[in-house]
Amino acid sequence: MPFLKTKDKMKFIYLRYYNYLQHIRVMYEKQREEPCTARNMPMFSGRIAWGRQLYRKIEQPMLIFKEHPWLFKYVTLLPCPVLVINKRL
């Protein structure tokens with residue numbers, strides 16, 4: 001159904017997720033030395049919880065993309081989000 005403009009919508013969703021990943025990367029770079037943790041958490045467990053929280057923010061949308069691999073056939077100009085994250089970590 002060409003009137004749905006699926007290609008444009010998929011590009012928009014992909015671009016939003018790509019920008020979201022860039023935002024998460026900047027947040028990680030800025031806070032990795034002194035992450036925001038809960039007041040009552042010990043230092044190491046607070047850092048682990050912070051890292052897991054960032055990972056969950058990345059992982060949940062990635063699982064949706066994994067369930068629908070046809071989304072990637074519409075977007076060829078941007079790098080794959082998985083490669084962007086793996087490069088930084």
Side-chain angles (χ1 to χ4, degrees):
M1 293 192 280
F3 61 88
L4 291 177
K5 299 181 181 178
T6 309
K7 187 175 180 179
D8 294 334
K9 290 177 184 176
M10 292 307 124
K11 283 184 181 181
F12 178 74
I13 291 170
Y14 190 86
L15 274 172
R16 292 285 301 248
Y17 183 63
Y18 184 77
N19 290 334
Y20 181 69
L21 284 179
Q22 297 304 320
H23 173 71
I24 296 292
R25 183 179 60 84
V26 168
M27 186 183 347
Y28 171 77
E29 292 291 331
K30 190 189 312 184
Q31 295 180 357
R32 74 176 169 186
E33 295 298 323
E34 291 293 324
C36 298
T37 58
R39 214 171 24 167
N40 59 349
M41 283 190 127
M43 183 176 67
F44 293 113
S45 59
R47 287 180 178 212
I48 291 170
W50 173 79
R52 286 182 179 171
Q53 179 184 9
L54 285 180
Y55 182 73
R56 275 193 305 270
K57 285 182 178 185
I58 294 169
E59 184 186 33
Q60 289 175 352
M62 193 70 74
L63 292 174
I64 294 170
F65 282 133
K66 190 175 182 181
E67 290 174 9
H68 305 289
W70 56 271
L71 294 172
F72 294 109
K73 77 177 184 180
Y74 293 120
V75 183
T76 57
L77 299 177
L78 291 174
C80 179
V82 177
L83 296 177
V84 170
I85 294 302
N86 287 339
K87 255 192 247 180
R88 299 304 299 166
L89 300 177

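Computed from heavy atoms alone, side chains included, the values below leave out hydrogens, waters and symmetry copies.
In this structure, the salt bridge (Lys or Arg N to Asp or Glu O under 4.0 Å) partners of R32, at least two apart in sequence or on a different chain, are E29.
Between the OH atom of Y55 and the CD atom of Q60 there is a distance of 10.5 Å, given to the nearest 0.5 Å.
With a 4.5 Å cut-off between side-chain heavy atoms of Ile, Leu, Val, Met, Phe, Trp and Tyr, the cluster of F44 takes in M43.
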request  = Verify side-chain contact (heavy atoms from CB on, under 4.5 Å) between I24 and M27, making sure each step is shown before the conclusion.
outcome  = CA-CA 5 Å; I24 296 292; M27 186 183 347; 3.8 Å; yes
task = Begin from the C-alpha positions of E34 and R47 and carry the test side-chain contact (heavy atoms from CB on, under 4.5 Å) through to its verdict.
result = CA-CA 8 Å; E34 291 293 324; R47 287 180 178 212; 4.0 Å; yes
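There is no side-chain donor-acceptor pair under 3.5 Å between Q53 and R56.
Cluster membership for I48 and L54, using ILVMFWY side-chain heavy atoms within less than 4.5 angstrom, is not shared.
Using a distance-only test at 3.5 Å, with no hydrogens or angles considered, a donor-acceptor pair links the side chain of Y17 to the main chain of I58.
Of all heavy-atom pairs spanning G46 and M41, the tightest one is CA-SD, 3.8 Å.
Residues R25 and K30 have side chains not in contact (no heavy-atom distance under 4.5 Å, counting atoms from C-beta outward).
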